[in-house]
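Have a look at the structure below before the remarks.
The chains referred to below are lettered A, B, ... by the order of the sequence lines, with proteins before strands, and numbering in each begins at 1. Note that the coordinates shown come from a computational prediction; the quantities given were computed from them, not determined experimentally.
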Amino acid sequence: MSSTASIATNFIAPSQRGSVIRFVTSYTLPLLVAAVFAVAATSTPDFATFANIRAILINTSIVGIIAVAMTAITISGNFFSLGIASSTVLAGIVFLAVSGLTGSALAGLGAAVVLSVALGILQGLIVGAGLNPVITTLAVGSVTYGLVAITTKGAVVTAGSVDVAWLATWNLLEIPLPVYIFVLFTAVAWFLTEHTLIGRNTHLLGANRATARNSGISPQATTIWAFIAFGVGLGVAGALNASQLHQMQANDLAGLTMDVIAAVLVGGAAVSGGEGSPTRSALGALLIVALGNIMLLHGLDNGWRVFLVGGIVVVLVVALHVLRKVSTR
Amino acid sequence: MNATREFFPKYALQIVVLVLVVGIMATVSPSFRGEAALFSSLERLIPLGVIAAGLAVTMIAGEFDLSVASMAAFAGAIAVQLGGLGLIASILIATVVGVLLGSLQGWVIARLGISSLVFTVGTLILLRGATWLATGGVPVTLTDYKLSDALTVRIWVFTPLSLTTIAVLAVLGIFLSRTRWGREVSSIGGARQEAVASGVKLRSRLVLAFAISGGCGALAGALSSFRGGSATPDGLANMLLLALAAVLIGGVSLSGGRGDMVNVAFGIAITAVLAAGMSSIGVKAFVTELFTGVLLLVVILLEFVIARVVAHKAVVRRRQPHLAVT
Amino acid sequence: STGSSAAPGAPAASQGKGTGTTDGGGALLKVFMPSTSNVYLAAASQSIKDEAKALNYTVNIVENNWDQTEQDQQVQEWLATGERAAAVLMWPAGAAAATNSIRLLSAQAPVIQFNNLVTPEASKYVTAYAGVSDTGIGKEAGANALAAVKKLKAEGVKFHGPDGKPNVVEIRFTAGYAAGDDREKAFAEATPGAFNMLAVEPTPTVDAQGGFKAASQVIPRFLGQGIDIVYAHSNDVANGVVQALEQNGLKPGKDVILITGTSSGDMSNLRGGKIWSATLQSPVIEGALVVRTAAQYIATGQVQSGDVTIESSAAKPELKVEAPHAATYMMNPQVTAENNASFDIWGLSFDKLMGK
Amino acid sequence: MTGSTPLRLKASGIFKSYGAVNALSDVHFELRAGEVMALLGENGAGKSTIVKVISGLVSPDKGSIEIDGTPANISSVSLSQAAGIAVVQQEFSTVGTMTVAQNLVLGQQGAPWWWSPRKLNDNAVAILERVGLAGLNPSTPVEELSVAEMQLLEIARVLARDAKVIIFDEPTAALSDAEIVRVLDAVKRLASEGRSVVYVTHRLGEVFEIADRVTVFRNGKSEAPLEVKELDVETIVAKMIGRELGHLYPGKSSAVGEIVLETRELRIPELRSETNLTLRRGEILGLTGQLGSGTAELMEALAGVGEIVSGEVLVDGQTLNTRGRQNGISAGVAYCSADRKKDGIFARVPIRRNLSSPWLHRLSAAGFVSARQEVDETNRFAVHFAIDVKRMNSNVGTLSGGNQQKVALGKWLGINPRVLLVEEPTRGVDIGARADIYAQLRRLSDSGVGVIVSSSDTNEILGLSDTIATYFRGQQTSIRPADEWTESALVREVMHREDANHV
Ligand SMILES: Nc1ncnc2c1ncn2[C@@H]1O[C@H](COP(=O)(O)OP(=O)(O)OP(=O)(O)O)[C@@H](O)[C@H]1O
Ligand SMILES: Nc1ncnc2c1ncn2[C@@H]1O[C@H](COP(=O)(O)OP(=O)(O)OP(=O)(O)O)[C@@H](O)[C@H]1O
Ligand SMILES: [Mg+2]
Ligand SMILES: [Mg+2]
């Protein structure tokens with residue numbers, strides 16, 4: 001074989017249609033979010049006010065941080081966690097308790113993150129050994145909830161006289177810290193998934209577990225890293241949530257698990273793994289909150305809001321699925 | 001016959017766990033013994049047992065119907081509001097609605113080839129919203145509470161509710177293992193390609209599986225709402241995880257293909273005894289949740305270990321080339 | 001006086017001879033209530049146990065996870081055991097949906113309902129009610145709001161509504177939650193025409209999280225019109241509202257008056273003056289009250305018609321052998337930053353009253 | 001069988017492509033009533049694909065099918081079954097968790113709704129007897145059967161379906177002689193009952209024993225059927241191979257150096273005796289054998305992903321830790337598995353990221369991947385393997401099989417391989433890309449990398465290797481320099497030694 005160049009022309013160009021659709025798949029969500037905001041701004045009174053947009057961002061930030069963090073688990077091919085609510089509550093309570101003891105909200109934040117990461121590592125070890133992630137996180141979630149409820153006896157936990165609120169209230173340009181943390185967290189998550197060894201391996205593991213193993217990527221270690229990332233997100237989100245209200249109790253955040261899963265799915269992550277992006281999950285969370293806000297401004301009652309959000313989730317996941325199918329054909 | 005020999009290894013873990021749970025409960029709680037214990041455990045079957053049975057059918061078929069608890073709440077709201085038509089008629093109508101909505105879900109999932117896990121996360125929210133709309137956001141009640149009395153009549157340790165559950169489990173068990181369509185539904189779980197190559201019509205069996213889960217969810221919701229005489233827009237929300245736990249404790253594989261209705265029945269029994277026993281001791285609700293979580297962890301860990309051993313044995317066996325050939 | 005819900009009359013069948021003593025003699029009080037993973041319920045549950053012990057009753061408490069279906073199931077199970085109880089103390093998980101269970105229980109033992117007012121449908125099955133009056137709380141909150149407006153007007157504060165009426169946003173309990181309906185209605189009735197009501201927004205959950213979620217989206221909407229008063233159905237919910245107000249640049253206690261119902265949850269916002277006033281709702285008193293009402297009924301076999309609201313006495317009243325009223329309501333005095341430290345009801349400080 | 005009676009089955013102008021691979025192009029196939037038609041051809045020639053088309057498992061891109069002279073719609077398995085076609089697929093189509101008896105009736109159109117367990121068992125016993133599995137308990141789950149039993153069960157199931165056309169796709173690949181006799185008897189009986197049989201096999205002896213006619217497939221094209229009576233082994237082998245070798249393969253080894261890889265008393269479960277191989281620099285060692293001969297497991301063991309019972313593997317004289325791929329990778333052992341899609345490439349990931357996947361850690365400092373270095377290095381390897389650098393950001397799944405295989409191979413360049421283990425290097429790869437891949441393998445070998453190729457394609461092994469080791473049913477049967485083999489001798493050696501000796 002003297003000329004390799006001639007063989008290179010054997011290469012099959014992906015069809016034009018394929019690339020158009022790929023473009024659409026990756027930009028569907030940003031475009032959709034932009035469209036929703038544009039339409040709402042013109043048609044919904046009070047939507048396009050600074051205060052309302054800020055409210056949307058604040059309400060997105062906690063769910064968004066967790067959705068971004070959970071994207072690591074989903075991308076790595078380990079579905080999602082069913083124990084989000086109780087782990088976040090645990091993080092929040094640890095944050096308050098440690099802040100109260102040490103007098104420093106930063107110490108509390110550190111403790112919350114460390115504990116969440118430890119819980120993440122534990123689950124990563126179990127899941128990495130080959131046990132099903134859905135059952136594992138469900139079971140660990142139940143146990144965590146039970147332990148938190150027993151330990152706190154159902155009481156509202158606070159940080160006492162220690163000021164923890166600044167974490168949630170400190171603001172720049174009238175936008176409070178959690179929103180910046182959310183944006184920063186998303187950016188860091190994006191950078192880590194795209195530009196680090198672990199991020200890349202997480203993607204590859206989810207894309208094809210067997211190939212990953214044959215390529216020397218350890219499923220165990222990678223899974224543990226994904227759960228560590230998840231733990232960091234839970235820790236931060238739990239602490240922010242607790243500082244926002246300076247309090248936390250065992251029963252809090254009941255609907256959080258479903259909100260996060262919905263955000264990740266609307267963000268277009270493939271449940272089978274290998275596909276998904278932290279930025280799109282963040283947009284997914286934003287879209288859901290924004291739609292809820294618009295419906296609220298239009299005076300729709302709770303039933304209609306739940307119903308329409310459900311309908312939108314169904315339509316979006318179906319649309320993303322169809323697009324993905326067409327583009328890989 | 002060697003039927004017993006086959007029965008035990010397959011269900012051994014669940015039997016051991018069940019015996020342990022019963023033993024511990026009876027020891028810890030003096031009031032949890034004999035007929036009363038049996039009765040209260042059996043009463044737990046509605047709605048848990050029927051919802052779990054529906055969920056199990058889709059899981060055995062290699063899919064997930066996460067919307068099953070929302071379906072129960074929705075059907076409960078319908079049944080209670082149709083209470084004027086009489087007990088049987090309103091429950092039947094609600095169940096038929098569940099079957100139809102389930103079939104529709106199954107059809108969309110089969111048609112698009114979308115992951116049912118993803119799709120039913122959406123319909124879980126959608127049906128919950130539908131329940132809010134159907135109830136107008138407030139609890140709805142039967143106009144005549146006496147209607148529910150027929151469901152609480154006690155026949156030894158049974159009530160029409162527990163008997164219905166047992167009947168549903170039995171019918172589904174027989175359906176899945178003995179009838180053609182039922183076996184085809186089971187076959188698409190673990191070995192979908194092989195089943196299709198054998199001539200199984202994938203789409204129609206998927207529709208069937210989701211029709212069953214929709215119907216089960218609806219039946220459970222209608223029955224339990226009738227028993228309580230009311231339905232609430234946010235009711236039965238924690239049933240999904242409990243039913244999932246029951247099915248998983250029963251040993252049905254999350255990846256499909258493993259487990260049958262006997263497994264599921266054991267899983268339901270274990271969960272029901274645990275819940276009824278805990279409640280009779282007066283244990284707090286969150287302690288029950290803690291124990292369910294621990295039990296779930298223990299069972300999957302044990303199953304993981306057992307599966308490893310079995311797989312190893314199977315490899316060893318397969319390496320012995322010619323077994324039955326005479 | 002709180003005539004919003006039908007005063008329950010005791011079922012004729014149970015009108016009879018009592019034991020003649022408030023000593024329980026070890027008899028069983030069966031309690032059905034939602035999960036004590038919430039601090040209010042935990043405190044109420046503890047108070048029930050303490051009071052029962054003092055009166056020589058045995059208690060057995062069955063908790064559900066805020067799920068009427070589950071509670072129905074537990075009722076069925078208990079009925080099936082055939083166990084005898086001197087009375088059943090019932091906190092329905094969902095009052096409007098619990099009628100059937102109450103009906104079935106009433107055939108077995110007198111039912112003393114607490115925390116959720118008796119619905120008209122259930123009234124013929126409930127022997128007596130004891131505990132919080134959501135109507136009373138709504139009324140007290142209304143009175144507190146009017147008092148606050150009066151005081152501020154005197155200080156020369158101008159309100160934003162038409163004709164100088166204060167603009168009010170109400171953050172109410174979850175849609176469909178009966179306690180929320182009563183608090184909303186009673187507040188409106190106590191403040192006829194005094195306020196310009198901008199919105200009544202239900203929370204997704206009845207805690208600070210829920211309060212924040214609802215308020216953070218509603219408040220921006222009315223920033224332009226100016227919000228003078230926020231009425232939140234509980235102090236816990238109001239804690240979330242405080243955060244939402246601050247995030248929108250409003251100073252609770254200065255720019256906005258925050259009037260709240262139940263004095264539940266973390267009290268630091270109240271003590272710090274961000275919350276104008278709350279309304280005492282003591283789980284300790286509620287728990288004791290329901291046991292006492294049961295004991296009185298068991299002792300006399302009688303119920304007096306009509307209702308009564310007990311006084312905020314410094315000493316715990318002696319329990320007399322006399323028929324309880326069809327409804328006995330707890331006191332709901334105002335709680336403010338100034339007065340909370342000096343509370344002394346039944347010999348209990350504010351914290352003690354709240355079960356801490 | 002005169003020309004006046006219509007053909008039982010006639011497929012004309014069938015096309016089927018998978019992406020860029022033309023599995024079938026303008027295939028014509030016919031079958032008379034009561035005949036046994038053998039289907040022959042090399043691996044990947046398209047035999048299984050035409051079988052899948054006829055069984056309704058795969059819809060052709062183009063073409064028409066007639067049954068008994070009338071056009072037939074057999075676009076799904078159930079329609080095909082209804083048209084009287086029954087198939088034993090090459091891959092198993094039994095459901096492991098279900099019992100033998102249940103599998104026998106699974107998916108059978110028109111079977112009763114309900115069988116009592118006893119009836120189901122009786123039915124099973126009767127069917128099993130026909131393939132000599134009388135001793136098998138019908139309530140055994142299929143996953144507990146041996147491979148041979150599973151294969152016989154597949155056959156039994158088809159026998160039970162009163163079909164006009166019965167297709168067997170390599171039914172005897174996993175069977176022993178005694179079992180093969182039963183299958184062949186069953187086939188003869190079916191033909192004598194007037195049914196038509198299509199029989200796909202690599203075992204030429206069987207063809208002469210049972211077939212009436214032969215259709216040879218080559219590179220997705222069919223030849224006109226031939227009467228078996230008029231054929232001999234050499235003619236058939238020639239027809240199957242049927243292409244010039246000169247253009248395809250590079251030259252042989254120029255110089256052989258020191259030992260790079262050595263196995264010492266290596267024992268793996270699938271091989272019955274110890275393996276002692278040596279591989280030298282500059283040498284391409286070819287391992288060949290049929291499916292199930294043990295070569296695949298040997299390669300996996302060397303790569304660190306298979307099971308090893310005892311013994312050791314040395315790379316450059318150093319003992320290799322064979323537990324886990326990572327150790328192999330750091331010792332410079334590259335491994336290209338047989339099933340590209342399953343565990344060789346990341347189909348939904350861009351080419352560049354596929355290429356860098358095994359050695360990304362080398363490009364990372366403190367965990368951060370240097371994008372520039374990644375671009376530089378992957379581009380270099382892409383050029384090396386004739387992968388279009390402009391396409392580096394397209395997903396590998398969109399490429400032709402040949403280009404996919406180049407990616408699967410090319411990704412190993414980055415680990416500085418000492419040893420390259422390649423299974424089935426050109427499975428499903430078109431002819432142009434094949435030549436390219438062979439040239440690359442030789443070039444790597446010349447540059448000092450030890451290369452082991454395992455393939456069931458004897459032509460490829462012969463053309464590419466310097467040394468050839470043959471395997472048959474879990475046993476190494478020979479190891480000799482390539483130039484001591486002729487292709488037909490090698491085909492006979494690996495296909496069926498005993499048979500080959502007979503003919
Ligand atoms: N959902 C259903 N409920 C009841 N009967 C049905 C249902 N669907 C189909 N049938 C009836 O069952 C019979 C078989 O249906 P269908 O052809 O779909 O199944 P099949 O597996 O292909 O059966 P066969 O192999 O006999 O054609 C038909 O008579 C059909 O009308
Ligand atoms: N699902 C598929 N996707 C992509 N390519 C495929 C697929 N199935 C088959 N092919 C390709 O089509 C060609 C024909 O394959 P086929 O299985 O028909 O060969 P065969 O003659 O049966 O080979 P063997 O003797 O190895 O069984 C091969 O190049 C194969 O790789
Ligand atoms: Mg083939
Ligand atoms: Mg049919």
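- What you find for A/Ala139 and B/Gly293 is that their closest heavy atoms are CB-O, 3.5 Å.
- Across A/Gly130, A/Gly141, A/Ala254, the residue that shares the most heavy-atom pairs under 4.5 angstrom with chain B is A/Gly130.
- Going from atom OG of A/Ser142 over to atom CG of B/Leu296 covers 7.0 Å, rounded to the nearest 0.5 Å.
- Atom CD1 of residue A/Ile135 and atom CG of residue B/Leu297 lie 9.5 Å apart, to the nearest 0.5 angstrom.
- Interface summary for chain A: among B/Ile114, B/Thr288, B/Leu301, the most heavy-atom pairs under 4.5 angstrom belong to B/Ile114.
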Item to complete: Kindly determine whether B/Trp132 and A/Phe307 satisfy side chain to side chain contact (heavy atoms under 4.5 Å, CB included), including the steps that lead there.
Response: CA-CA 8 Å; B/Trp132 275 86; A/Phe307 185 77; over 6 Å; no
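- Each of B/Val118, B/Thr120, B/Val287, B/Val121 has some count of heavy-atom pairs under 4.5 Å with chain A, and the biggest count is that of B/Val118.
- When B/Leu241, B/Thr292, B/Leu295 are compared by the number of non-hydrogen pairs under 4.5 Å with chain A, B/Leu241 comes out ahead.
- The CD1 atom of B/Ile300 sits 4.0 Å away from the OG1 atom of A/Thr136 when rounded to the nearest 0.5 Å.
- Among the candidates B/Gly136, B/Gly113, B/Ala134, B/Ala237, the residue making the largest number of heavy-atom pairs closer than 4.5 Å to chain A is B/Gly113.
- Taken to the nearest 0.5 Å, the CG atom of A/Asp259 stands 7.5 Å off from the CD1 atom of B/Ile125.
- Contact check for B/Phe64 versus A/Val134: no side-chain heavy atoms found under the 4.5 Å cut-off.
- Shown here for B/Phe119 and A/Val318, the closest heavy-atom pair between the two residues is CE1-CG2, 3.6 Å.
- With a 4.5 angstrom heavy-atom cutoff, A/Leu147 touches chain B via backbone and side-chain atoms both.
- Rounding to the nearest 0.5 Å places CG of B/Leu248 at 7.5 Å from CG of A/Leu138.
- Closest non-hydrogen pair, A/Val143 versus B/Leu290, comes out as O-CD1, 3.2 Å.
- At a 4.5 Å heavy-atom cutoff, the contact between A/Ile150 and chain B is made by backbone and side-chain atoms alike.
- For the atom pair B/Phe304 CZ and A/Ile126 CD1, the distance stands at 10.5 Å (nearest 0.5 Å).
- Under the 3.5 Å distance criterion, the side-chain polar atoms of A/His321 are left unmatched by any main-chain donor or acceptor of B/Ser115.
- Among all heavy-atom pairs drawn from B/Thr123 and A/Val314, the shortest one is N-CG2, 3.6 Å.
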